[in-house]
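Below: the structure, in structure tokens.
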Amino acid sequence: EPEVTQTPSHQVTQMGQEVILRCVPISNHLYFYWYRQILGQKVEFLVSFYNNEISEKSEIFDDQFSVERPDGSNFTLKIRSTKLEDSAMYFCASSRRGLFFGSGTQLSVL
Amino acid sequence: AQKVTQAQTEISVVEKEDVTLDCVYETRDTTYYLFWYKQPPSGELVFLIRRNSFDEQNEISGRYSWNFQKSTSSFNFTITASQVVDSAVYFCALLYSGAGSYQLTFGKGTKLSVIP
């Protein structure tokens, strides 16, 4: 069964560093997403991406964040200068008839 | 504005008991979708069900069943004969039709612990 894959599963970085989280969505899906879950809190929408551009984004998705689909399979989330409060589980998802999540990347900013 | 409330923060049941997880939502839209996701201790989000607002039929899938009541804006989830593997955090989520994509609004989740 096709699934969304994310790498790495864990990422540790120093405050102020740039990080790139990687995702491979399900191949015939058209929309791609990033969601975030701070430890113990609810899952929050960050951004959706369609036809090589951002479709919608939340207030969380500020100028420090960017997304890219550099080739036909990968979908990345870049945080330009990480802050302590960026520590969270980041979920990639893709949709066609339903929304399917990857297993997440746990980002720890020290 | 969209809102999802899962009033039960944590529930503990003994194995083989039935358990119902409550979900109440708020939306001004007449067309919307409701979801349940399971998040086991390993952290991934597992899709369980999607219902649209025009389909109020209850659904059963094995030990899982869902009761959608538009009149009370509720979409409750029942696990029959619970098992230890059901221990997880369960999230209810709402998508309104005006969204161009799956911009889900999640509830805060209910942590279910099934004790052997």
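As the structure is a computational prediction, the values presented were derived from the model and not from experiment.
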Original post:
Side chain of A/Y33, backbone of B/Y102: donor and acceptor closer than 3.5 Å?
Top reply: yes
Tabulate below the donor-acceptor pairs under 3.5 Å that side-chain atoms of residues 66-74 of chain B make, not counting sequence neighbours, or state none.
{"residue": "B/K70", "atom": "NZ", "partner": "B/S53", "partner atom": "O", "Å": "2.9"}
{"residue": "B/T72", "atom": "OG1", "partner": "B/Q69", "partner atom": "O", "Å": "3.4"}
{"residue": "B/T72", "atom": "OG1", "partner": "B/S74", "partner atom": "OG", "Å": "2.9"}

**OP:** Please work out whether the ring planes of A/F101 and A/Y35 are parallel, tilted or perpendicular, with thresholds of 30° and 60°.
**Re:** perpendicular
Subject >> Side chain, backbone, both or neither of B/Q39 within contact of chain A (heavy atoms, under 4.5 Å) >> reply: side chain
Original post:
Which residues from residues 43-52 of chain A are near chain B, with near meaning under 4.5 Å between non-hydrogen atoms?
Top reply: A/V43, A/F45, A/S48
**OP:** Please work out whether the ring planes of B/F77 and B/Y64 are parallel, tilted or perpendicular, with thresholds of 30° and 60°.
**Re:** perpendicular
Report all side-chain donor-acceptor pairs from residues 106-116 of chain B shorter than 3.5 Å, counting only partners two or more places apart or in another chain.
{"residue": "B/T110", "atom": "OG1", "partner": "B/Q8", "partner atom": "O", "Å": "2.6"}

Side chains of residues 6-25 of chain A: which donor-acceptor pairs under 3.5 Å do they make with residues two or more places apart or in other chains?
{"residue": "A/Q6", "atom": "OE1", "partner": "A/C92", "partner atom": "N", "Å": "2.9"}
{"residue": "A/Q6", "atom": "OE1", "partner": "A/G104", "partner atom": "N", "Å": "3.0"}
{"residue": "A/Q6", "atom": "NE2", "partner": "A/Y90", "partner atom": "O", "Å": "2.9"}

